[in-house]
Novice: 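I am attaching a structure below and will ask some questions about it afterwards.
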Amino acid sequence: MGDAVAALVDQALVALPTETVYGLAGDAMSPTAVAKIFAAKGRPSTHPVIVHLPDIEFVPLWTEEIPAWAMALAAEIWPGPLTAIVPRGPNVLDAVCGGQSTVGLRVPSHPLTLQVLSEFGGGLAAPSANRYGHVSPTTAQHVLDELGDVLDPTRDLVLDGGRCPVGVESTIVGAWDDTPRLLRAGAVTIGQIAEITGREVSTATDGVRSPGSTAAHYAPRARVVPVETAGLDTAVATVAGAFGLIALADIAPPEADHIRLASPRDDAEYAHALYAALREADDAQLDVVIAVLPPDVGVGHAVRDRLLRAAATGQVTS
Ligand code: TXA
Ligand code: MG
């Protein structure tokens, strides 16, 4: 723990577990540390990174104009899987905001990372700890597989906090005016946001630059084929050779030769298992993963979103 804080103070990078996915953290006030994050990920400089805070009390250091509804939402959910995109304060680095007028803030709930944050006593810039365009890591081993060759073994660290409980990235909410805008689905649902804020949640993202919310993100090497339950047999019939299958446990295995990559019992288990299952497909050198989409309830909404993006062709973005 002390080592991690010392490394951060020294402008080195520390990969940290959060409840969603592992993040690659550096001092959000240090241009040197933030530049290292972008270099390690191979991420274009125009993509903003989320600032992780020890506590909601730190918010005024990063924004001077957060809407009251957003503070109420954060107070209810934090520490937890919610990122608020708010107007940036005067001291926030341009690189952190990707040159935009807003900054993303979040208080994560993993105990190890909360301890690092509170001992560090400031904001940590931390995108997901994967190479640009890849699947987010949900174990320390995934981080090493992704970034082991680009981290500095004499200075940077990877903290092992076990497998991330949620398994998909935080819900991102645009919070710069009267309307909550869902910019990325996650474990915090539209229903929860509407209930806590008493406001209608907009899902229209036109004109908002949130790079992770565009096509072909979160993709493994294998081709992902998302299907509704009723479409499984048809999808199976079109695949030549062995394929990987991700489906809820109550979905009967097809006759064809396949590897069951995950059999989650509900939407939360699906999210928890998803990224490890996609990595396993690549490790097993499968060409195709058929993913039977979970119902659109709870975090199932975010699982569906990620699977549809993983299947999309086009530009890889973050
Ligand atoms: O669960 C998470 O959010 C994880 C953990 C580590 O906290 N972090 C994460 O970071 O997923 P990243 O950088 O992989 O994805 C953050 C997304 C990106 O798509 C980025 O474009 C968007 O948040 N974002 C960050 N700041 C933004 C801003 N000021 N305006 C619009 N989008 C922003
Ligand atoms: Mg990411």
Side-chain angles (χ1 to χ4, degrees), residues 13-26 28 34 37-38 40-53 62-63 66 77-89 92-110 112-114 116-117 123-138 142-143 146-147 159 161 164-176 181-188 205 207-219 271 275 299 302 305-306 309-310 316-318:
L13 303 184
V14 178
L16 295 166
T18 81
E19 76 281 31
T20 58
V21 301
Y22 275 73
L24 181 63
V34 173
I37 294 173
F38 280 83
K41 278 188 64 103
R43 185 177 190 158
S45 60
T46 50
H47 290 228
V49 290
I50 297 170
V51 177
H52 296 67
L53 304 175
W62 298 86
T63 179
I66 183 167
I77 303 288
W78 287 349
L82 174 84
T83 298
I85 307 293
V86 298
R88 63 190 272 195
V92 186
L93 294 177
D94 248 355
V96 164
C97 308
Q100 304 195 63
S101 58
T102 51
V103 62
L105 303 178
R106 136 167 160 84
V107 179
S109 74
H110 195 290
L112 197 57
T113 289
L114 272 180
V116 171
L117 276 164
L124 293 177
S128 52
N130 52 279
R131 301 281 297 174
Y132 176 69
H134 288 192
V135 175
S136 294
T138 53
H142 294 166
V143 177
E146 287 280 332
L147 301 173
L159 285 191
C164 301
V166 175
V168 294
E169 305 81 354
S170 61
T171 301
I172 302 185
V173 177
W176 50 79
R181 290 179 171 77
L182 185 77
L183 302 182
R184 180 173 73 185
V188 176
T205 52
V208 178
R209 256 182 60 218
S210 188
S213 59
T214 50
H217 200 58
Y218 316 102
Y275 289 155
V299 75
D305 167 79
R306 301 305 191 278
R309 283 182 207 288
V316 173
T317 57
S318 181

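All ligand and atom numbering here is 1-based and tracks the order in the structure. Each residue takes its place number in the sequence, starting with 1.
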Novice: With heavy atoms of V21 as the reference, note each atom of ligand 1 found under 4.0 Å away.
Specialist: 4 (C), 6 (C)
Novice: If the cut-off is 4.0 Å to any non-hydrogen atom of V103, which atoms of ligand 1 fall inside it?
Specialist: 29 (N)
Novice: How long is the straight-line distance from CG of L117 back to CG of L16, given to the nearest 0.5 Å?
Specialist: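 That separation rounds to 7.0 Å.
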Novice: If I compare all heavy atoms of W62 with all of A28, which pair ends up nearest, and what's the gap?
Specialist: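 In terms of heavy atoms, the two residues are closest at CH2-CB, 3.7 Å.
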Novice: Answer with side chain, backbone, both or neither: which part of R106 has a heavy atom less than 4.0 angstrom from an atom of ligand 1?
Specialist: side chain
Novice: Between R184 and S170, is any side-chain donor less than 3.5 angstrom from a side-chain acceptor?
Specialist: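 Distance-only check passes for R184 and S170.
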Novice: If you take all heavy atoms of V299 and A187, which pair is closest and at what distance?
Specialist: CG2-CA, 3.6 Å
Novice: Where's the contact between L183 and ligand 1, heavy-atom distance under 4.0 Å: side chain, backbone, both or neither?
Specialist: neither
Novice: Please could you name the atoms of ligand 1 that G23 approaches to less than 4.0 Å, counting only its heavy atoms?
Specialist: 6 (C)
Novice: Do any N/O atoms on E169 end up under 3.5 angstrom from N/O atoms on ligand 1?
Specialist: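 No - when backbone and side-chain N and O of E169 are compared with those of ligand 1, no distance drops under 3.5 Å.
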Novice: Could you tell me the separation between the CG atom of L105 and the CD1 atom of I66, rounded to the nearest 0.5 Å?
Specialist: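 It is 6.5 Å, given to the nearest 0.5 Å.
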Novice: Does ligand 1 have any atom sitting under 4.0 Å from a heavy atom of H52?
Specialist: yes
Novice: Which residue is it: S136, P127, P81? I am looking for the one with a side chain to side chain contact (heavy atoms under 4.5 Å, CB included) to V21.
Specialist: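 Among S136, P127, P81, the one that satisfies the side chain to side chain contact (heavy atoms under 4.5 Å, CB included) with V21 is S136.
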Novice: Looking at the Mg ion (ligand 2), is there an N, O or S atom belonging to S128 that lies under 2.8 Å away from it?
Specialist: yes
Novice: Need the ligand 1 atom indices (1-based, order shown) with element for anything under 4.0 Å from a heavy-atom of I172.
Specialist: 17 (C), 22 (C), 23 (O)
Novice: Output yes when R306 and E169 qualify as a salt bridge under the 4.0 Å nitrogen-oxygen rule, no when they do not.
Specialist: yes
Novice: Taking the non-hydrogen atoms of Q100, is any one of them nearer than 4.0 angstrom to ligand 1?
Specialist: yes
Novice: Mark up the atoms of ligand 1 that fall under 4.0 Å of a heavy atom belonging to T102, in ascending order.
Specialist: 28 (C), 29 (N), 30 (N)
Novice: Backbone, side chain, both or neither: what part of T20 comes under 4.0 angstrom of ligand 1, heavy atoms only?
Specialist: side chain
Novice: Does any N or O of ligand 1 fall below 3.5 Å from an N or O anywhere on S170, backbone included?
Specialist: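 For ligand 1, there is an N or O atom that lies under 3.5 Å from one belonging to S170.
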Novice: Have a look at R43, K41, H110 and point out the one with the heavy atom closest to atom 13 (O) of ligand 1.
Specialist: R43
Novice: Under the 3.5 angstrom rule, does the side chain of K41 hit a backbone N or O of S128 as a donor-acceptor pair?
Specialist: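 Flag set: sc K41 to bb S128 pair under 3.5 Å.
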Novice: With sequence neighbours excluded, tell me which residues meet side-chain hydrogen bond (donor to acceptor under 3.5 Å, both in side chains) with R106.
Specialist: T18, E19, T20
